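Structure record follows, encoded as structure tokens.
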Amino acid sequence: MHVVDTTMFFAPQSGGVKRYLLAKQSWLAARPEVRHTLLVPGPATLPARDGIATVATPFLLPFSGGYRLPLRPSPWKRCLLELAPDIIEVGDPYVGAWAAVDTAQALGVPAIAFHHSDVGRLLGTRIGGWATRPTRAYLRALYEKFDMVAAPSHVMMSKLEDIGIRRIILQPLGVDTDLFNPCRRDSELRRELGLPASTRLLVFAGRFAREKNIPALLDAIRRLGPAYHLLLIGGDRVGRPERNVTLLRYQGQGSVLARYLASADALVHAGDNETFGLVLAEAMACGRPVVGVNAGAIPEIVDSSVGVLVPRAKGDLLAEGVQALFEQDIDLLGQQARRRVESRYSWDQVLQRLLALYRRLAGLPEPAAGESQHVLR
């Protein structure tokens, strides 16, 4: 079975979608019955190398971390036809998605749309509420053409149901629990940052997009004062924008990110529009508790047994949430966070489920007894 994933959300500073695709590719590489190819934007059209093919996409979105915006479906369709997939998964609802639907129909193969991003809310935030109705109509017209639409959380499933989509499956993202692991904790990090050993170290990692509410994080750390320090990972430079804030560049290397997450006391996250919240699960896999906002998909991952949720993304509320966290046994919360990820969000668990879906849609038989460990029971 040849599985092809295609999306525009694959760039030097991509977030959870890229990590999902690379984790899937690594996991599928151990399964000889499956071949996996990524088809993503690039400066030129190139055949697959190490499982990644590119389509020439010259238009770079400004201030996006390197995302390229496809403008015409025909180049994507040509590349997809050449790859001759048995199943296609699309990671965005834009030009490539229409090309994928046309290709799937031409080849007579199933197509899945993975609804990673809350497009309606993002557009409404950026250009106004008038965009909500046409966006819903657009998504309905597009997704009705797919055999299945995957959503990473219950809240995203509900949004799809609200616009009239019926063929929906819950497909959470996952975490490499060997890479994101408490063993990555390094007591030397505070010394490297020039901080006293007693400093309460908080961390955030992610793109500095508007919906991440970075100003609220900075307001919270100002209110908390010098006993606390925020390690802010995901910028385009290194520095100290505040006395108790260290800014680091985007970390594309998982082992480096895991060290930072595991070595902090807690992750603090002000985003209120998360469709899953992968970095929260990664921090929890590192044995760290979380302070987050009670909005979007975050309450599906975080509750009082693994952290603290605040009602809104405001600096004063986040600061109160951090203080409330440190009144508890944060190591115990971190241990419970690690167990939650191991039991629900390891890549092996979530990708077994996805592979079983691929088999059903492609009309393939269940694996033989010797392969049964690869399919979710």
Side-chain angles (χ1 to χ4, degrees), residues 4-11 14-18 20-21 39-41 55 57-64 67-80 87-107 109-171 173 207 209-211 271-276 295-297 361:
V4 172
D5 272 280
T6 185
T7 184
M8 66 164 283
F9 294 140
F10 199 94
S14 291
V17 177
K18 183 178 180 179
Y20 157 68
L21 293 174
L39 182 64
V40 298
V55 184
T57 312
F59 183 69
L60 278 166
L61 282 170
F63 313 111
S64 69
Y67 283 129
R68 295 174 180 269
L69 179 64
L71 300 177
R72 297 185 300 119
S74 54
W76 290 80
K77 185 175 179 180
R78 283 196 298 271
C79 291
L80 285 167
I87 191 163
I88 305 172
E89 181 176 312
V90 177
D92 67 72
Y94 305 115
V95 167
W98 294 99
V101 165
D102 287 346
T103 304
Q105 291 176 349
L107 296 176
V109 301
I112 300 172
F114 203 132
H115 191 62
H116 288 285
S117 177
D118 189 351
V119 181
R121 178 165 178 174
L122 289 175
L123 288 178
T125 300
R126 284 167 169 73
I127 64 177
W130 64 268
T132 300
R133 182 175 294 180
T135 299
R136 288 164 60 94
Y138 171 86
L139 291 174
R140 185 165 55 248
L142 173 63
Y143 285 157
E144 283 176 349
K145 299 179 180 295
F146 283 84
D147 295 275
M148 189 67 66
V149 181
S153 59
H154 289 286
V155 70
M156 292 300 288
M157 289 184 74
S158 296
K159 289 177 182 289
L160 290 169
E161 290 168 351
D162 286 346
I163 64 175
I165 307 302
R166 293 293 172 258
R167 294 188 297 274
I168 310 170
I169 188 169
L170 177 67
Q171 181 58 52
L173 301 182
R207 293 184 304 111
R210 181 185 304 179
E211 62 270 15
D272 55 4
N273 191 30
E274 294 298 320
T275 59
F276 178 73
L361 290 178

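This structure is a prediction, so every number in the text was calculated from the model and none was measured.
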Heavy atoms only: give me the nearest Met8-Pro41 pair and the separation to one decimal. CA-CG, 3.7 Å
Under 3.5 Å, is there a donor-acceptor pair between the side chain of Arg68 and the main chain of Val55? no
One should read off an interatomic distance between Arg140 CZ and Asp162 CG, to the nearest 0.5 angstrom, of 11.0 Å
To the nearest 0.5 angstrom, please state how far the CZ atom of Arg78 sits from the OG1 atom of Thr103. 11.0 Å
Which heavy-atom pair separates Phe9 from Tyr67 by the least distance, and what is that distance? CA-CE2, 3.4 Å
Side chain to side chain, Arg167 and Val149, heavy atoms closer than 4.5 Å: no
Hey, could you give me the CD/CG distance between Glu89 and Leu39, rounded to the nearest 0.5 Å? 13.0 Å
Working note: Val90 + Thr6, criterion side chain to side chain contact (heavy atoms under 4.5 Å, CB included); need CA distance, chi angles, decisive distance, verdict. CA-CA 5 Å; Val90 177; Thr6 185; 3.9 Å; yes
Sub-4.5 Å side-chain heavy-atom contact between Asp102 and Gln105: yes
Do Asp92 and Thr7 get their side chains close enough for a donor-acceptor pair, meaning under 3.5 Å? yes
Where do Pro93 and Tyr138 come nearest, in terms of heavy atoms and distance? O-OH, 2.7 Å
Taking Ala111's backbone N and O only, do any of them form a donor-acceptor pair with Asp147's side chain (distance below 3.5 Å, no angle check)? yes
Any residue meeting ring pair (Phe, Tyr, Trp, His ring centres under 6.0 Å) with Tyr143, in chain and number order, not counting sequence neighbours: His115
For the atom pair CG (Asp118) and OG1 (Thr135), what is the distance rounded to the nearest 0.5 Å? 10.0 Å
Taking all atoms of both residues into account, what is the closest heavy-atom pair of Ala151 and Ile168, and its distance? CB-CG2, 4.4 Å
Can you tell which of Phe114, Phe10, Phe276 makes a ring-ring contact (aromatic ring centres under 6.0 Å, His included) with Tyr20? Phe114
For the student: nearest non-hydrogen atoms of Ala97 and Phe146, plus distance: O-CZ, 3.8 Å
Can you tell me how far apart CZ (Arg136) and NZ (Lys159) are? Round to the nearest 0.5 Å. 9.5 Å
Just by modelled atom types, is the Ser117 backbone N or O under 3.5 Å from a matching donor or acceptor in the Thr275 side chain? no
Approximate separation, where rounding is to 0.5 Å, of Asp5 CG and Ile112 CD1: 9.0 Å
